[in-house]
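None of the values given here were measured: they were computed from a predicted structure. Below, chains carry the letters A, B, ... as their sequence lines are ordered, and counting in each starts from 1.
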Amino acid sequence: MTASIPITPEIVAEHGLSPEEYARIQKLLKRDPNLVELGIFSAMWSEHCSYKSSRPHLKTLPTEGPRVIQGPGENAGVVDIGDGLAVVFKIESHNHPSFIEPHQGAATGVGGIMRDVFTMGARPIALLDSLRFGDPDHEKTRYLLNGVVKGIADYGNCVGVPTVGGDIYFDACYNGNILVNVFCLGLAKADRIFLGNASGIGNALLYVGSKTGRDGIHGASMASAEFDDATEEKRPTVQVGDPFTEKLLLEACLEIMKEDWVVGVQDMGAAGLSSSSFEMAERAGMGLELDLDAVPQREAGMNAYELMLSESQERMLFVVEKGHEDEALAIFKKWDLDVAVIGRVTDDGIYRARENGEEVVTLPIEAVVTGALKCDRPVQKPAYLAEVGTLDLSSKEIPARGGEVLKQLLASPTIASKQFVYEQYDHMVRLNTLVLPGSDAAVLRVPETDKALSLAVDCNPRYGYLDPYIGAQIAVAEACRNVVCSGADPVGVTNCLNFGNPENPEIMWQFQEAVRGLGDLCRFFDIPVVSGNVSLYNETKGEAIYPTPTIAVVGLMEDRSLHCTQGFKQAGHRIGLLGSTLEDLGGSEYQKLFWNELRGQPPVLDPKTERAVQRLCLDLIRQRLIQSAHDCSEGGLAVALAESCFTGPKPLGADLVLNSGMRADALLFGESQSRIVISFSEDALPSIESLAQKAGVPFAALGTAGGSKFQIRIDGNEFINEDILALEDIWENSLSRYGNRVAG
Amino acid sequence: MLAKIHVTLKNGVLDSQGKAVHQALNDLGYAEVEDVRLGKYMEVALSGISEQEAQTRVTEMCEKLLANTVIESYRFSLEPAE
Amino acid sequence: MLAKIHVTLKNGVLDSQGKAVHQALNDLGYAEVEDVRLGKYMEVALSGISEQEAQTRVTEMCEKLLANTVIESYRFSLEPAE
Amino acid sequence: MKCGIVVFPGSNCDHDCYHILKHVLQLDTQWIWHKDETLDTFDFIVLPGGFSYGDYLRPGAIARFSPIMKSVIDFANRGGRVLGICNGFQILVESGLLPGVLMDNEGQRFICKNLTLRVDNNNTPFTSQCAPGAVLKIPINHGQGRYFADEETLKQLEGNGQIIFRYCDEEGKTPETANPNGSIDHIAGVANANKNVMGMMPHPERCADPLWPEVDGQTIFNSLIQSSLAHS
Ligand SMILES: Nc1ncnc2c1ncn2[C@@H]1O[C@H](COP(=O)(O)OP(=O)(O)O)[C@@H](O)[C@H]1O
Ligand SMILES: [Mg+2]
């Protein structure tokens with residue numbers, strides 16, 4: 001019956017398809033599609049599924065390397081780490097659902113990315129969350145923060161995958177559009193990677209997981225209202241997650257994947273059954289025959305349209321060899337999952353789905369999957385850049401003392417400790433977390449080897465606003481630097497590109513520049529981009545978010561005992577700085593907080609310098625010359641030093657002397673890149689100096705850790721002298737005080 | 001005055017708790033159980049306002065805090081305090 | 001038949017969730033809120049049994065599973081299915 | 001010596017317990033599947049942490065009716081040693097093997113962090129290797145760990161030495177700030193009257209591998225091993 005509704009221009013528009021796109025469908029089919037088919041086209045040709053705006057740009061990224069087993073194009077990327085093992089990882093956004101319903105939106109985001117990883121045959125062993133919220137004073141921010149964090153916690157904790165790190169920024173540009181990007185990493189045998197492939201005529205298509213309900217059926221509010229006269233209330237379009245079922249699904253999938261008769265598998269993500277089944281068949285160049293009546297259903301009276309497009313969570317599609325259906329069913333039933341054979345692989349490249357015995361979908365698979373009109377979106381350099389490009393420092397007063405400034409920076413929720421958040425996450429389960437959250441990067445041991453993995457995620461949106469090319473480069477550089485500070489070599493990158501409306505040429509320019517920056521720096525560093533995700537249309541009422549190309553980096557260390565953390569370890573250790581400081585106040589937290597503006601140029605990033613600093617740092621760690629390493633980021637040198645004071649085994653003060661010809665605020669609070677604060681015992685100093693010199697990296701000894709004060713003298717004058725525990729209290733508790741307040 | 005508030009999941013929203021309890025009851029031998037839905041029940045004691053005011057205020061509380069209106073519906077009754 | 005079940009904390013058991021909601025409502029400006037108690041509300045659909053049987057069976061379900069009688073009390077009503 | 005780990009649907013610290021018992025402590029360690037009805041002979045059984053049945057309704061409420069639980073209860077009633085960790089503790093409480101209940105954390109948030117516990121009774125099979133009043137560093141990881149029992153029960157627990165662990169500060173004192181979840185009397189772990197069944201919210205298996213800087217959790221497993229040796 002859904003198949004018999006005539007298609008009007010209104011229905012086409014409701015489905016977000018342009019008249020040109022509809023004409024193309026008619027031409028491809030040589031007839032009008034029915035409503036179910038139209039729904040499928042609408043979903044498959046959406047930006048989300050087809051990457052029609054972004055694909056030409058993404059093609060320019062470096063995706064290959066000797067360790068790459070699987071680059072972009074599958075559910076997640078795969079990188080070889082030796083010993084017959086591989087890491088499988090990806091980052092994905094769940095921005096819009098999280099804004100509508102922060103708890104469920106974030107939770108289902110976690111569920112989705114985990115499925116992307118275990119679909120490939122990997123056991124998920126770590127999650128990271130990269131979050132962007134609006135101004136802390138905005139009326140919705142606290143509610144969104146608490147809801148999102150609880151959603152991630154409820155889901156990740158229940159499934160038993162530790163959330164070991166992440167990052168959080170607050171900026172008014174996210175007031176109407178928060179970002180929730182979640183990263184998952186899994187571990188697999190390098191020769192047991194599963195792909196989303198439906199090959200082998202006659203092989204069975206198996207549905208497994210939760211039953212299908214009417215969750216998240218988009219684009220068709222009018223159409224679906226028509227066929228569902230029993231609707232008493234408007235159907236919610238948010239999906240609700242069930243982490244318990246996900247846990248069962250995970251264990252069942254890993255169990256069945258030990259079998260040789262599993263041909264292919266894909267999770268049902270966006271556009272549910274449609275995208276998973278079409279994509280699997282397309283990759284194999286096969287056809288499919290489905291019996292929709294066999295799909296396990298949660299509600300009575302669901303029609304073909306709903307079954308094809310529902311986004312109910314915790315569902316997977318398997319293709320298993322003919323003859324092994326019963327074994328497969330037995331394994332899934334052991335785990336109490338709903339499971340059914342819903343179709344077979346055919347060889348004619350056609351997708352046929354039957355409802356009540358009647359064929360309601362007859363579509364050429366390749367045309368649906370690859371036939372979306374490619375958009376060559378126009379780009380134009382944004383007008384605002386001319387306005388904000390300059391920053392005249394001469395008119396800005398330099399504070400006479402820095403104590404108050406430092407306190408305010410430490411209290412800023414973007415800089416303050418994120419303990420309030422990561423304490424709500426189980427970050428220890430599975431006993432792999434060697435370095436818990438709170439250092440530059442999380443470090444996880446690789447079970448049954450001496451190796452460890454290091455994970456970090458980063459992106460400063462203000463830099464991206466001032467220059468998306470450099471902003472993206474800095475995001476890569478900083479994430480790599482974080483991983484390096486923990487003692488690991490970066491081996492792979494995944495990214496989540498969060499931007500505004502691509503139909504706006506200025507946004508498209510930002511996108512193009514960011515991708516170029518990402519590609520250029522990854523090429524220079526020789527790190528492959530193995531997976532990623534694009535989230536466009538992040539704007540409300542024409543106000544776009546700042547360009548936010550979130551970058552997650554995976555690092556590898558051969559000897560896990562050589563890992564390093566950011567805190568000063570004991571009184572008497574000397575403190576030093578690798579790298580040099582420039583007058584980089586553009587885009588800084590200091591500029592925002594004290595001058596309430598965002599202008600100028602983002603910090604300078606010289607890839608060669610960055611590489612030299614990172615290599616030197618790794619060298620120093622591996623020669624056991626340094627006891628801590630911490631990169632300088634938001635809040636600059638003073639904040640980095642203070643954080644190292646707070647995060648050792650016991651809080652320690654520091655006595656520091658700086659000499660410089662530059663403005664004190666730029667020196668201490670500017671956000672120059674390629675700098676790392678280190679600490680070491682006195683006797684290591686000569687070796688460090690000589691290695692730094694050899695590497696061509698500026699190095700300065702700044703002072704000594706210890707005492708109860710955090711003191712900085714500049715050119716002989718006391719600039720900061722504060723009680724370390726008072727500073728620590730501010731840094732440690734600001735975010736929890738904020739999150740725990742109810743109103744006002 | 002006492003507001004007795006029921007918050008339940010909207011139709012069509014997955015009730016994973018209800019599903020688990022349903023299964024558990026069946027496993028315990030209660031084959032007669034056909035469906036289980038779980039919701040919240042709250043009693044909010046109010047003082048110093050009229051019933052009419054209370055109507056508006058409690059509605060507001062539900063909308064703002066007590067129910068997640070994206071996926072939940074609520075209903076309440078007002079009774080004199082016991 | 002539909003069993004409508006209310007499970008609430010016994011008197012004297014600290015209702016920390018209720019307390020948190022109470023605090024939140026006060027902070028949001030609802031000074032008239034004097035107390036908040038949180039409980040669970042369940043709807044269990046039953047078929048093929050008499051009302052009398054249902055009385056016994058639902059009591060049993062509550063005792064066994066639906067309430068933890070160390071800290072919770074329950075009450076229920078039976079209604080014809082809608 | 002043989003020990004077993006019960007796997008409920010939703011258990012997620014089962015592998016961690018297995019790792020410690022099997023690889024670190026080198027015990028003959030077996031999985032016990034929740035759908036099984038009969039139990040092998042074991043020296044002790046661990047109910048691991050996690051979210052059995054999603055913690056839906058109440059943590060442990062559904063798991064206690066798993067087919068295997070009848071046998072576990074029989075085993076305990078015959079004097080078999082059972083250790084419940086976190087969700088395992090919640091299951092023991094729901095099944096009536098241990099007194100009291102575990103409710104939402106007072107702050108209404110999940111908490112994962114390292115903290116300190118005081119051993120208030122070291123005369124049990126679970127703590128015999130601890131010094132009296134010893135302070136152990138063991139992490140917690142729960143959203144519903146606020147222990148509660150009525151006054152009469154508490155008196156009994158106290159009188160019988162059934163309160164095994166209390167949350168404390170580094171010196172072993174119990175100021176309000178050293179109570180992470182609002183547990184009554186700072187209670188972190190209790191035993192039954194016979195002391196052969198114990199539940200604790202903190203996770204000893206998370207600090208029992210010498211790979212980590214903290215290994216205080218080992219004393220609990222070592223105690224179990226020693227007492228089982230003495231027993232057999
Ligand atoms: N959303 C989050 N979830 C979990 N951990 C987080 C989150 N945000 C920050 N952290 C942790 O807090 C620490 C500091 O993070 P961040 O301030 O971003 O450091 P940096 O500026 O050095 O990159 C890191 O260990 C990070 O993993
Ligand atoms: Mg950062």
What is the distance from atom [atom1] of [X] to atom [atom2] of [Y], rounded to the nearest 0.5 Å?
{"X": "Q239(A)", "Y": "I71(B)", "atom1": "CD", "atom2": "CD1", "answer": "11.5 Å"}
{"X": "D336(A)", "Y": "D27(B)", "atom1": "CG", "atom2": "CG", "answer": "8.0 Å"}
{"X": "N68(B)", "Y": "H103(A)", "atom1": "CG", "atom2": "NE2", "answer": "9.5 Å"}

Closest heavy-atom pair, S16(B) versus G241(A), reported as atoms and distance to 0.1 Å, is OG-O, 4.2 Å

Quick one: closest heavy-atom pair of E101(A) and V70(B), and the distance? CG-CB, 4.0 Å

Contacting region of Q313(A) [heavy-atom separation from chain B under 4.5 Å]: neither

Which atoms of T245(A) come close to chain B, meaning under 4.5 Å heavy atom to heavy atom: side chain ones, backbone ones, both, or neither? side chain

For a 4.5 angstrom cut-off between non-hydrogen side-chain atoms, does K19(B) reach D242(A)? yes

Mark yes when over 12 heavy atoms from residues, nucleotides or ligands other than H22(B) sit less than 6.0 Å from its NE2; otherwise mark no. yes

